[in-house]
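Residue numbers start from 1 in every chain, and the chains themselves are labelled A, B, ... in the order their sequence lines are given, proteins ahead of strands. Remember, predicted model here, so these are calculated numbers, not experimental data.
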Amino acid sequence: MEGDNQNINGAGPSTNGLLQDQRKLLPIARGRDALVREIQENDVTILLGETGSGKTTQIPQYLLESGASGSGIIAVTQPRRVAATSLAVRVAAEQNDKLGKRVGYSVRFDERSSPETRIKYLTDGMIVRELLSDPLLSQYSVIIVDEAHERTLRTDLLISNLKMIQGKRNHRSTGSKEKEKEKFNPLKIVIMSATLDAEKFSMFYQNAKIIYVKGRQHPVKVYHSLESQTDYVESAMRTFFQIHTDQTPGDVLIFLPGQEDIESLEKSIRLFANQLPHDVMDVLICSMYAAQAPGQNSKVFLPSPARTRKCILATNIAETSITIPGVKYVIDTGMCKEKRYLARNTGGGFDTLLTRAITKSSAMQRAGRAGREGMGLCFRLYTEDAFDTMDLSPEPEILRCSLTSSILQLKCLNQDLEDLDLMDMPDTESISSALKTLWLLDAIDQNKELTPLGRQMALFPLEPVHARAVIASREQGCTSEVLDIISVLSASSKLFVDVAEHREAASEARRMFRHASGDHLTILNVIRAYSDISTTGGKAARREWCRKHFLNEKTLSEASEIRSQLRQACGRMRIDWNVSCGDGEGQLLKSLAYGLAQNSAFLQPDGSYKQTMGHSVIKIHPGSVLCDKKVPAIIYDELIYTNQIYARGVSSVQKSTFTAIGALNRRSS
DNA sequence: GAGCACTGC
């Protein structure tokens, strides 16, 4: 679990002696020779390592230093970019080498490697992309899949492909075996996982050997509720004040499912904290969730003022992505929100975002957050029986995601998802729904064969629906605008930030961007205004402008990186990204409709919207500029079910648009 | 009338 190290500091060569001493003290160091031998002797090794064991930083170095990795590169895959880059920084320092020389990384938008690079940290998405150009991943002699227990969609596809690649590279049966091995450059696979689930990986790889590595985590004493709690927010509040009045100083981290609960708990803790007697410490409340304005959550990392106990209210963001220093107490409500895709054979399916019980491994991970710096306490707001009935670990992503993008990528590798040897096979409805979407996008034909258009779509680092819109924009003469919009849509965070205290002011500030046709052109207005600011003002002016308009600057800068990546991709496909339609919004919406034809709905006489290619009645999400508006036809980016089915990212289009692009001809098939 | 977390040639 070294992947969550955000606080790793790259150290210069002068401190290398110290680093070498630290390396030797890691729990894993004692087993060094045995570990290298096991990996050398087996095709596949499953490594179970607890938090703080040092496995992710040390194993690659052991393999390199012992010569076990031969002449190839050691790849270490990570689900997250920050992890890949910060691990590379750390290991380069330990190797007393400049980053990008023998130790490098490769993530989207950023690569630090050279022909000398022998250890490369990369995101799992990146190596799956590498498969497209090098199906045998031939430059790597060892591939270490870290955080495999997270079972991201890309990790699962990688694990499946590695099994196949190893079969091809290690076991050529013709001719002298030794010679063939030389020639085909055998591959070692190491699967790293936190506890639990190891047997499943082992079984997948013909009972590969499982090796356990001890971690270095301070003990955390866990308490369960004696009876089940009906209201976890209220129960969290009572538990917090119990800790606050009874326990020694130390910050408290409370895990909650979402923003709504965080805001309500914050209110009630604030109310009670004001009534505390004067001899009790002060309470400083910090909240943390992804949609929050950046900067808002940075106070979490500052040390607590004197006589003050910090109380951090967080979503799952504090479970894996961010490590908060100073936490001694964890309160775990046992709940989280889970996004799950419901495949439908009509209308393209939709996402649900519902609150549910967490899993055992998540509960352990949350408790572990109390033991980062010393002994800690974890208070679970659920009974021990409830813990026992929890699932072992979250369901793998491949079973709860849309498969459209993956199936298209696999088609480019001449692979069909249903023929792969996968740890978990998605159900047929999920596969057929993705195939139908690809067919509606013209990415595959009626025989499920990849079309030239589909091959082109796969070259974009985009969802197929967005790639389709970009390609359509060529004929419509509005590629510049479509790229502006799509780059924001595919950025990882929301454009409009949320500041609980200034909700009114925020919607007021955004009013100036509103476009009558809907959210897509509203985004374009923001981008145009932002680029005006960028040309006239500097960095500080941009930041201030974003703050004033409640816009997420991170989203805007990520979008501009994505946009330049997309422009490059367009260039390679001879699509002129500079072609603009000016204010011709008709062409723009038509391009988007090519991609979003399946995501469309018509107004019903009763004022509701009904899918054109499905049977669901949907509502426009309250966050949309078209909410409460009645227009004859809409297209939308996604459907999300919370308590109703909401369409998010909505634009109004002419009904005739669908006939013009021939989208409705196929809906009955 | 409402927004778990990640990620990409």
Chemist: Would you mind telling me which residue lines up with the more 5' stretch of DNA chain B, A/Glu397 or A/Lys619, judged by nearest nucleotide?
Modeler: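 The answer here is A/Lys619.
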Chemist: Has A/Thr355 got a side-chain N or O lying under 4.0 Å from the OP1 or OP2 atom of B/dC4?
Modeler: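 So the side chain of A/Thr355 is outside the cut-off, no N or O lying under 4.0 Å from OP1 or OP2 of B/dC4.
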Chemist: Please state whether the rings of A/His621 and A/Tyr646 are parallel, tilted or perpendicular, taking 30° and 60° as the class boundaries.
Modeler: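 It falls in the perpendicular class, over 60°.
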Chemist: Which sits closer to the 5' end of DNA chain B, A/Gly258 or A/Pro464, going by the nucleotide each is nearest to?
Modeler: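 Going by which nucleotide is closer to the 5' end, it is A/Gly258.
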Chemist: Using a 6.0 Å distance limit plus a 45 degree cone around the ring axis, check whether A/Arg648 lies over the aromatic ring of A/Tyr636.
Modeler: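 Negative - A/Arg648 is either too far from the ring of A/Tyr636 or too far off its axis.
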Chemist: State, to 0.1 Å, how close A/Lys337 and A/Pro257 come at their nearest heavy-atom pair, and which atoms those are.
Modeler: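 The answer is CG-O, 3.8 Å.
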Chemist: What is the distance, to the nearest angstrom, from the NZ atom on A/Lys339 to the P atom on B/dC4?
Modeler: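 That distance rounds to 10 Å.
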Chemist: May I have the distance from A/Arg648 (atom CZ) to B/dC4 (atom C1'), rounded to whole angstrom?
Modeler: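 Value for this atom pair: 11 Å.
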Chemist: Please report the distance, rounded to the nearest Å, between CE in A/Met457 and P in B/dG8.
Modeler: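 In whole Å, B/dG8 P and A/Met457 CE are 20 Å from each other.
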Chemist: Between A/Tyr646 and B/dA2, is there a side-chain N or O to OP1/OP2 distance below 4.0 Å?
Modeler: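 It does, given that an N or O in the side chain of A/Tyr646 lies less than 4.0 Å from OP1 or OP2 of B/dA2.
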Chemist: Can you tell me if the side-chain N/O atoms of A/Arg81 get under 4.0 Å from OP1 or OP2 in B/dG8?
Modeler: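 So the side chain of A/Arg81 is within the cut-off, an N or O lying under 4.0 Å from OP1 or OP2 of B/dG8.
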Chemist: Using a distance-only criterion (donor-acceptor N/O pair, under 3.5 Å, no hydrogens), is the base of B/dG8 paired with the side chain of A/Ser405?
Modeler: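 Between B/dG8 and A/Ser405, which were checked side chain against base, a qualifying N/O pair under 3.5 Å is present.
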Chemist: Using a 4.0 Å heavy-atom cut-off, does A/Leu153 contact any base of the nucleic acid, only the sugar-phosphate backbone, or nothing at all?
Modeler: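 Counting heavy atoms under 4.0 Å across all strands, no contact is made by A/Leu153.
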Chemist: Using atom CZ of A/Arg80 as one end and atom P of B/dG8 as the other, report the distance to the nearest whole Å.
Modeler: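 Answer to the nearest Å: 12 Å.
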Chemist: How about A/His549 and A/Phe513: are their ring centroids closer than 6.0 Å?
Modeler: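 Between A/His549 and A/Phe513, the centre distance is under 6.0 Å.
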Chemist: Between B/dA2, B/dG8, B/dC4, which nucleotide has the shortest distance from any of its atoms to the side chain of A/Arg129?
Modeler: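 For the A/Arg129 side chain, the nearest candidate turns out to be B/dG8.
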Chemist: Check whether any side-chain nitrogen or oxygen of A/Ser490 sits under 4.0 Å from OP1 or OP2 of B/dG8, and answer yes or no.
Modeler: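 No, outside the criterion.
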Chemist: Please state how far atom OH in A/Tyr641 lies from atom P in B/dA2, giving the value in whole angstrom units.
Modeler: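 Taking atom P of B/dA2 as the reference, OH of A/Tyr641 is at 13 Å.
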Chemist: Reckon A/Asn643 touches a base, only the sugar-phosphate, or nothing at all at heavy-atom distances under 4.0 Å?
Modeler: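 Since only primed, P, OP1 and OP2 atoms lie under 4.0 Å of A/Asn643, the category is sugar-phosphate.
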Chemist: If only side-chain N and O atoms of A/Thr315 are considered, is one of them under 4.0 Å from the OP1 or OP2 phosphate oxygen of B/dA5?
Modeler: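 Yes.
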Chemist: Base, sugar-phosphate, or nothing for A/Glu463, non-hydrogen atoms under 4.0 angstrom?
Modeler: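 The residue A/Glu463 makes base contact.
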Chemist: Rounding to a whole Å, what distance do you find between A/Ile640:CD1 and B/dG3:C1'?
Modeler: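 That distance rounds to 8 Å.
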Chemist: How long is the line joining CE of A/Met288 and P of B/dG3, in whole Å?
Modeler: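 A/Met288 atom CE is separated from B/dG3 atom P by 20 Å.
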Chemist: Would you mind reporting whether A/Ile144 and A/Met192 have side-chain heavy atoms less than 4.5 Å apart?
Modeler: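 Counting from C-beta outward, A/Met192 and A/Ile144 do come under 4.5 Å.
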Chemist: Contact class for A/Gln565 vs. all strands (heavy atom < 4.0 Å): base, sugar-phosphate, or nothing?
Modeler: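 Since only primed, P, OP1 and OP2 atoms lie under 4.0 Å of A/Gln565, the category is sugar-phosphate.
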